[in-house]
Amino acid sequence: MDFRIGQGYDVHALAEGLPMWLGGVRIPSETGFVAHSDGDVALHALCDALLGALAIGDIGHLFPDTDDRWKGVDSKELLAAVLARPEFEGWQVVNADITIALQAPKLAPHIAEMRRTIAGIMGVGVDRVSVKATTTERLGFVGRKEGCEVWAIVLIERK
Ligand code: MG
């Protein structure tokens with residue numbers, strides 16, 4: 001059996017009047033993420049975890065923010081593009097676990113849809129995708145509602 005594990009981390013700043021996309025889902029919010037893409041910090045961390053599992057770089061390298069092709073891009077397309085890379089031929093996702101640190105809004109009502117969306121793109125059952133949300137008890141930049149922080153871990157297996 002051949003397994004690989006990868007971890008990813010990402011942060012985006014919050015600003016008023018921008019759309020908030022997290023885990024491939026539009027979240028009703030008065031603030032959203034400052035980014036070159038749609039700012040989906042959860043999918044970015046997941047992309048980096050996948051790239052890390054095969055040691056093939058990071059999304060900043062793959063989709064540079066100096067390239068207008070990726071301006072405003074739907075991060076679901078970035079995740080699909082990562083998985084479509086030739087290096088992923090012959091590999092399948094075993095499971096993924098994502099932790100989102102955000103002070104507000106509450107993400108609980110959206111977790112199920114995030115899991116369905118991510119599982120659909122990765123071609124695995126929803127039971128293999130975990131999305132967890134936490135606040136930071138008002139501490140730090142997350143607690144001050146200045147940004148969002150996400151950690152992702154993924155295990156892949158050679159088919
Ligand atoms: Mg990012």
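Counting starts at 1 for both ligands and their atoms, in listed order. The basis for the numbers below is simple: all heavy atoms, side chains too, and nothing from hydrogens, waters or symmetry mates. Since the structure is predicted, the reported quantities are computational estimates derived from the model, not experimental observations.
Take a cut-off of 2.8 Å around the Mg ion (ligand 1): the protein N, O or S atoms inside it are D10 OD2, H12 NE2, H44 ND1.
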CA sep, side-chain torsions, deciding dist, call: Q103, T136, side-chain contact (heavy atoms from CB on, under 4.5 Å): CA-CA 7 Å; Q103 192 63 41; T136 60; 4.0 Å; yes
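Atom CD1 of residue I100 and atom CD1 of residue I111 lie 5.5 Å apart, to the nearest 0.5 angstrom.
Shortest non-hydrogen contact noted between M114 and L107 is CE-CD2, 4.4 Å. When all heavy atoms of F88 and I56 are compared, the closest pair comes out as CE1-CD1, 4.0 Å.
In E157, the CD atom is crowded: over 12 heavy atoms of neighbouring residues, nucleotides or ligands sit closer than 6.0 Å.
A donor atom on one side chain and an acceptor atom on the other are not found under 3.5 Å apart for H36 and D65.
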